[in-house]
Amino acid sequence: MENYTHIIGCLRGRKIVLGVSGGIAAYKAAALARELGRVGADVHVALTEAGLRFVSALTFQALSGHRVWTSLWDGDAENGMPHIALGRGADAILVAPASADIIARLAHGRADDLLTALCLARDCPLFVAPAMNRQMWENPATQRNVATLRADGIIILGPDEGGQACGETGPGRMLEPGALCEALLAFFTPRLLAGRKVVVTAGPTFEAIDPVRGITNSSSGKMGYAIAAACARGGAETVLVSGPVALPAPAGVRRIDVASALRMRDEVLAVLPGADVFIAVAAVADYRPAQTAGHKLKKSGLPMRLELVPNPDILAEVAARPDAPFCVGFAAESQELDAYAESKRRAKRLPMLVGNLLADGVGGDDNTVVIYDDAGRHPLPRAPKALVARQIVEHLARLLPAG
Ligand code: PMT
């Protein structure tokens, strides 16, 4: 995964200035600097005096590979005025963590330290990730300041709710580094699906035999979740109907959890109205037990027969509707990918289908896929599922009729 992450998103080569103010969440800013670097951003760090009390400049220097700026008076022959030099050519400034104090000073246009001066002198988007005690966050003064920042076009990311360093619980936690990185990725990703609604299925289904046993498969959900994340980043209203997997919902995606194919079908049909695109990535069980035992089945020592009945084919049903959205199918095969994938595409009359070999696609972080459409086959190079998903979304956006 490491080798490819730099090309997944649209942060590659972007100059991101990370402003770190004083707060216990400053230690998470180190992970954030690393995460931004992993997706290809050129990270430069400005630390406030209070921030320096929590994390050392050396940490950020090692993580970003650049000198860390801490004072308005840090200039040298090359960078006469750090607040101008650092902001020059920046694609975005992200203040994380943003303490109540820095938010207040930004709201009032103060410029009495490097970070505030830098923010005032910028000509790029400014993101602010608040992090503070819940009472400080809820205080009307802070809320007034945040409203002022929003009115000035500054993008507020979070805060999250939950347990706080002070032992209290409530709003004020800084968003996790991954979520902040994701927000920047989304900001810089072309909005190819803006104004569109996309429904995605992902993961396996679980067909219960009795209260503890069932029929399922080894789909991890990674491919479907990557597709949903790529759709959301592309600006789509994205609903993910997910079988049982151990993955968090991607940012900006509404997830509906299901177990069986019948429930997956019901939920898909319930959210389908208004959808422009349906992408069926789920490995839906073709059969389910004819009956589910109400109690745990007992061992008898004798052979046991399990009667299976076919499940509805969700994709075929959606694609056959008179008001069908643009439907994208998936096919996982163990052999003869081209022949089986194309025959599935034709049988279900799909404008687009993504084929993968089981050995390539199930469970792992990477995938090798071929896209099939009316123009033929389009193989994609092996890559992490996030990158494969982005390319699939770009392909479908090109085929999608104008909205
Ligand atoms: O989850 P991962 O570990 O990341 O693995 C990803 C994947 C390999 C599961 C994924 O890339 C994939 O190929 N998904 C489709 C699995 C499959 O084999 O589908 P199928 O050939 O059984 O069905 C063809 C299409 O019809 C699929 O789009 C499927 O979602 C859909 N279908 C199938 C049966 C059914 N009852 N309802 C459906 O909607």
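As the structure is a prediction and not an experimental result, all values here were calculated from the model. First listed ligand is number 1; within each ligand, the first listed atom is number 1. FYI, the numbering just counts along the sequence from 1.
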Taking distance alone, no hydrogens or angles, what donor-acceptor pairs closer than 3.5 Å link side-chain atoms of residues 351-360 to residues at least two apart or in another chain?
{"unit_1": "Asn356", "atom_1": "OD1", "unit_2": "Asn367", "atom_2": "ND2", "d": "3.0"}
{"unit_1": "Asn356", "atom_1": "ND2", "unit_2": "Ala331", "atom_2": "O", "d": "2.9"}

Could you give all pairs that pass the side chain to side chain donor-acceptor pair (under 3.5 Å) test and reach residues 246-255, with sequence neighbours left out?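 For residues 246-255, and leaving out neighbouring residues, the side chain to side chain donor-acceptor pair (under 3.5 Å) pairs sorted by first residue read Tyr225-Arg255, Arg255-Asp257.
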
Residues in side chain to side chain donor-acceptor pair (under 3.5 Å) with Thr59, at least two apart?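 In terms of side chain to side chain donor-acceptor pair (under 3.5 Å), with neighbours along the sequence ignored, Thr59 is linked to Ser56.
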
Using the six-membered ring wherever Trp is involved, compare the ring planes of His378 and His395 and label them parallel, tilted or perpendicular (cut-offs 30° and 60°).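 The rings of His378 and His395 sit tilted, inter-plane angle from 30° to 60°.
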
Atom pairs and distances, ligand 1 N/O vs protein N/O under 3.5 Å:
{"unit_1": "ligand 1", "atom_1": "1 (O)", "unit_2": "Ser219", "atom_2": "OG", "d": "2.6"}
{"unit_1": "ligand 1", "atom_1": "1 (O)", "unit_2": "Ser220", "atom_2": "N", "d": "3.1"}
{"unit_1": "ligand 1", "atom_1": "1 (O)", "unit_2": "Gly221", "atom_2": "N", "d": "2.7"}
{"unit_1": "ligand 1", "atom_1": "3 (O)", "unit_2": "Ser220", "atom_2": "N", "d": "2.8"}
{"unit_1": "ligand 1", "atom_1": "3 (O)", "unit_2": "Ser220", "atom_2": "OG", "d": "2.7"}
{"unit_1": "ligand 1", "atom_1": "3 (O)", "unit_2": "Gly363", "atom_2": "N", "d": "2.6"}
{"unit_1": "ligand 1", "atom_1": "4 (O)", "unit_2": "Ser220", "atom_2": "OG", "d": "3.4"}
{"unit_1": "ligand 1", "atom_1": "4 (O)", "unit_2": "Lys222", "atom_2": "N", "d": "3.4"}
{"unit_1": "ligand 1", "atom_1": "4 (O)", "unit_2": "Met223", "atom_2": "N", "d": "2.8"}
{"unit_1": "ligand 1", "atom_1": "4 (O)", "unit_2": "Lys385", "atom_2": "NZ", "d": "2.7"}
{"unit_1": "ligand 1", "atom_1": "5 (O)", "unit_2": "Gly361", "atom_2": "O", "d": "3.3"}
{"unit_1": "ligand 1", "atom_1": "11 (O)", "unit_2": "Asn356", "atom_2": "OD1", "d": "2.7"}
{"unit_1": "ligand 1", "atom_1": "13 (O)", "unit_2": "Asn356", "atom_2": "ND2", "d": "2.9"}
{"unit_1": "ligand 1", "atom_1": "14 (N)", "unit_2": "Val281", "atom_2": "O", "d": "2.8"}
{"unit_1": "ligand 1", "atom_1": "18 (O)", "unit_2": "Ala332", "atom_2": "N", "d": "3.2"}
{"unit_1": "ligand 1", "atom_1": "21 (O)", "unit_2": "Lys344", "atom_2": "NZ", "d": "2.3"}
{"unit_1": "ligand 1", "atom_1": "26 (O)", "unit_2": "Lys348", "atom_2": "NZ", "d": "2.8"}
{"unit_1": "ligand 1", "atom_1": "28 (O)", "unit_2": "Ala280", "atom_2": "O", "d": "2.6"}
{"unit_1": "ligand 1", "atom_1": "28 (O)", "unit_2": "Phe330", "atom_2": "N", "d": "2.9"}
{"unit_1": "ligand 1", "atom_1": "28 (O)", "unit_2": "Phe330", "atom_2": "O", "d": "3.2"}
{"unit_1": "ligand 1", "atom_1": "30 (O)", "unit_2": "Ala280", "atom_2": "O", "d": "3.4"}
{"unit_1": "ligand 1", "atom_1": "30 (O)", "unit_2": "Ala282", "atom_2": "O", "d": "2.6"}
{"unit_1": "ligand 1", "atom_1": "36 (N)", "unit_2": "Pro312", "atom_2": "O", "d": "2.9"}
{"unit_1": "ligand 1", "atom_1": "37 (N)", "unit_2": "Ile314", "atom_2": "N", "d": "3.0"}
{"unit_1": "ligand 1", "atom_1": "39 (O)", "unit_2": "Leu315", "atom_2": "N", "d": "2.9"}

Check Ile314, Leu315, Asn217 against Val284 for a side chain to side chain contact (heavy atoms under 4.5 Å, CB included) and give me the one that passes.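 Passing option: Ile314.
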
Without swapping roles, check the side chain of Gln164 against the backbone of Met132 for a donor-acceptor pair under 3.5 Å.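 The answer is yes, because a donor-acceptor pair under 3.5 Å joins these two groups.
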
